[in-house]
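Report on the following structure.
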Amino acid sequence: MAKQLAILAFSGGLDTSFCVPWLREQGYNVVTVTVNTGGFDTSDLAQIEARSTELGAIGHHTIDGRQPLWDLLASYIIKGNILRGGVYPLSAGPERLVQAMQVVEVALSYGATTITHGSTGAGNDQVRFDLAIRVLLPGAHIITPIRELGAQRAYEVNFLKSRGFKVDDKIGRYSINKGLLGTTIGGGETLNAWDYPPEDAFVDTVSPLQSPDRPAVLTISFENGLPCAIDGEAMAALELMEVLADKGGEHGTGRGIHLGNTILGLKGRIAFEAPAAIIAITAHKELEKLVLTKNQQFWKDHLADVYGNMLHEGLYFDPVMRDIEAMIDSSQATVTGDVRVRLFKGHIQVEGCRSPYSLLNAKVGTYGETNKAWTGAEAAAFCKLYGLQSALAYSGRNTSPVSSLAHVTGTSNGGA
């Protein structure tokens, strides 16, 4: 009887390395698929392919998924200023969606219906992979060895070593994911809410303490909400993100810890390095302040937050996501201009921005000094009318100035 074929999403890390010999022992032929969503050079990809062969896979595919990741997902993270928990630019989650899409494409090319991935039963990735696979390949047979066995990292290490496969000590200690939007670091000190990873856990950024003593000042140009040039030099998106990652990494920027809610309801914590995404979002957000109206900012930020949460939680294929993307795209029509940022000792400071669509118009008025759009009498009338309802509500519910003040501030006359 011919062996069944399993298509494995393969990173070459501990979990997916475990999956290859385990699947073979269950009677499957294994074809591995590595989707490069950033962070891998030619040497890295060659090592991953060699690892696949060493582990016993009968075939391997390497697919460049960086442009689809940017076009479909990362560009909206920048345009939406999306930072989960106010700090984390969704580095890993969007990659899983693109990886699942490409793995399904390979499965279809083989006529295979068995797809496997190395997600655990406690993390977010299992939801992202499973949901995308079931949407794109209804009826797929999904195998998740780590989840099904409840295997922990020590068990996987022992399993591989007992079968003669080498395991890097650092791989055993941390789960590291490198991608276009940054690197995530899980395990070790991130498994509790108090400890902080040691310096050698970080792979893409220097310690802010060891960064240059002179700052780097960059001018980032945007067109319709997306970065398009650095210091006047036009660049394609992928190249520009690499430059920001390198420059930001040199100055120790973009490091952080994200503590938040997982899809399954647990609390989770990861360290991350995302200098390119953090720099781009910081600059983009400042430019939006200059060119968008107050209501544009409010509703766009609100819907972008909804979008980010759904994207992080694997709900990319819900039609409402296309509706929100249309709104975000519309809001970016005037987000064109330049932003000057300073990188220094782990910090990102916006020094200035300019745009042909600027709403900071000195011909109309200068905040706190002069204006040409209204008279002093008109300003006084506005102040009176603007707070009229508040004044009526306040006077109608309180009788004494002292008791009114106590009511508003929550204080009392006694116990001073």
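Source: prediction; values computed, not measured.
- The distance from atom CG of Leu73 to atom CG of Leu90, rounded to the nearest 0.5 Å, is 9.5 Å.
- Residue Pro94 comes nearest to Leu311 through the heavy atom pair CG-CD2, 4.0 Å, listed as atom of the first residue, atom of the second, then distance.
- With no hydrogens or angles considered, no side-chain donor-acceptor pair links Asn309 and Glu313 at under 3.5 Å.
- Residue His312 holds its NE2 atom at 10.5 Å from CD1 of Ile77, rounded to the nearest 0.5 Å.
- Looking only at distances, a side-chain donor or acceptor of Ser109 sits under 3.5 Å from a matching main-chain atom of Val106.
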Test side-chain contact (heavy atoms from CB on, under 4.5 Å) on His61 and Val35; report intermediate values, then the result. CA-CA 8 Å; His61 295 262; Val35 182; over 6 Å; no
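- Glu148 CD: more than 12 foreign heavy atoms inside a 6.0 Å radius.
- Using a distance-only test at 3.5 Å, with no hydrogens or angles considered, a donor-acceptor pair links the side chain of Thr282 to the main chain of Ile278.
- Across all non-hydrogen atoms, the minimal contact from Arg96 to Asp125 is NE-OD2, 2.9 Å.
- Remark: the backbone N or O of Ile263 is paired with a side-chain donor or acceptor of Asn124 at under 3.5 angstrom.
- Between Asn177 and Ser11, the closest side-chain pair of non-hydrogen atoms is not below 4.5 Å.
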Checking side-chain contact (heavy atoms from CB on, under 4.5 Å) for the pair Leu55/Leu160: CA distance, chi angles, key distance, verdict? CA-CA 9 Å; Leu55 292 165; Leu160 288 167; 4.1 Å; yes
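- Heavy atoms from other residues, nucleotides or ligands lying under 6.0 Å from CD of Gln389 number 12 at most.
- Between the side chains of Thr144 and Ser119, no donor-acceptor pair of N or O atoms lies under 3.5 Å.
- The 12-atom threshold is exceeded at NZ of Lys345, counting heavy atoms of other residues, nucleotides or ligands nearer than 6.0 Å.
- Remark: the backbone N or O of Gly121 is paired with a side-chain donor or acceptor of Gln126 at under 3.5 angstrom.
- Expressed to the nearest 0.5 Å, how far SG of Cys19 lies from CD1 of Ile143 amounts to 9.5 Å.
- In this structure, the separation between OG1 on Thr120 and CG on Leu149 is 12.0 Å, given to the nearest 0.5 Å.
- The aromatic rings of Phe298 and His302 lie parallel to each other, their planes meeting at an angle below 30°, with 60° marking the opposite boundary.
- At a threshold of 4.5 Å between non-hydrogen side-chain atoms, the residues Lys267 and Asn261 count as touching.
- Between the Glu273 side chain and the Val203 main chain, a donor and an acceptor come within less than 3.5 Å of each other.
- Nearest approach of Thr205 to Glu199, heavy atoms of both residues: O-OE2, 4.4 Å.
- For Tyr196, the OH atom counts as densely surrounded, since its 6.0 Å shell holds more than 12 non-hydrogen atoms of other residues, nucleotides or ligands.
- In this structure, the side chains of Arg24 and Val30 come closer than 4.5 Å at one or more pairs of heavy atoms.
- Electrostatic pairing of Glu54 and Arg51 counts as a salt bridge here, judged by a charged N lying under 4.0 Å from a carboxylate O.
- Side chain of Thr34 to main chain of Phe10: a donor-acceptor pair is present (N/O by atom type, distance under 3.5 Å, no hydrogens or angles).
- Nearest approach of Leu290 to Ser358, heavy atoms of both residues: CD1-OG, 3.2 Å.
- Here the CZ-OG1 distance, from Phe272 to Thr183, works out to 11.5 Å after rounding to the nearest 0.5 Å.
- Using modelled atom types, one finds no donor on one side chain facing an acceptor on the other under 3.5 Å when comparing His251 with Ser211.
- Sorted by first and then second residue, the side chain to side chain donor-acceptor pair (under 3.5 Å) pairs involving residues 222-233 (not counting sequence neighbours) form an empty list.
- Among residues two or more places apart in sequence or in another chain, the side chain to side chain donor-acceptor pair (under 3.5 Å) test is passed with Asn81 by His284, Glu288.
- Side-chain contact between Gln349 and Phe344 is absent, with no heavy-atom pair separated by less than 4.5 Å.
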Go through the steps to decide whether Arg163 and Phe159 satisfy the test side-chain contact (heavy atoms from CB on, under 4.5 Å), and finish with yes or no. CA-CA 7 Å; Arg163 285 151 177 81; Phe159 177 92; 3.1 Å; yes
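- Panel note: side chain Arg153, backbone Tyr174; a donor-acceptor pair is recorded below 3.5 Å.
- Checked by atom type and distance alone, the side chain of Ser52 never pairs as donor or acceptor with a backbone atom of Ile48 at under 3.5 Å.
- Glu156 is not listed as a side-chain neighbour of Val167, based on a closest heavy-atom distance of 4.5 Å or more.
- For the pair Leu287 and Ile220, the minimum side-chain heavy-atom distance is 4.5 Å or more.
- In this structure, the side chain of Arg269 engages the main chain of Asn192 through a donor-acceptor pair within 3.5 Å.
- Residues His117 and Asp130 bring a donor and an acceptor atom of their side chains to less than 3.5 Å of each other.
- Taking each heavy atom of Leu97 and Arg128 in turn, the nearest pair found is CD2-O, 4.2 Å.
- Expressed to the nearest 0.5 Å, how far CZ of Phe222 lies from OG of Ser355 amounts to 11.5 Å.
- Closest heavy-atom contact between Pro208 and Gly252: CG-O, 3.7 Å.
- Judged by distance alone, the side chain of Lys300 and the main-chain N or O of Lys79 form a donor-acceptor pair under 3.5 Å.
- Between Met310 and Val320, some side-chain heavy-atom pair lies under the 4.5 Å cut-off.
- When side chains are defined from C-beta on, Tyr88 counts as touching Ile270, because their heavy atoms get closer than 4.5 Å.
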Could you please spell out the steps behind the side-chain contact (heavy atoms from CB on, under 4.5 Å) verdict for His141 and Gln4? CA-CA 11 Å; His141 177 210; Gln4 288 185 286; 5.6 Å; no
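- Relative to the ring axis of Tyr316, Arg322 places its NZ or CZ within 45° and under 6.0 Å from the centre.
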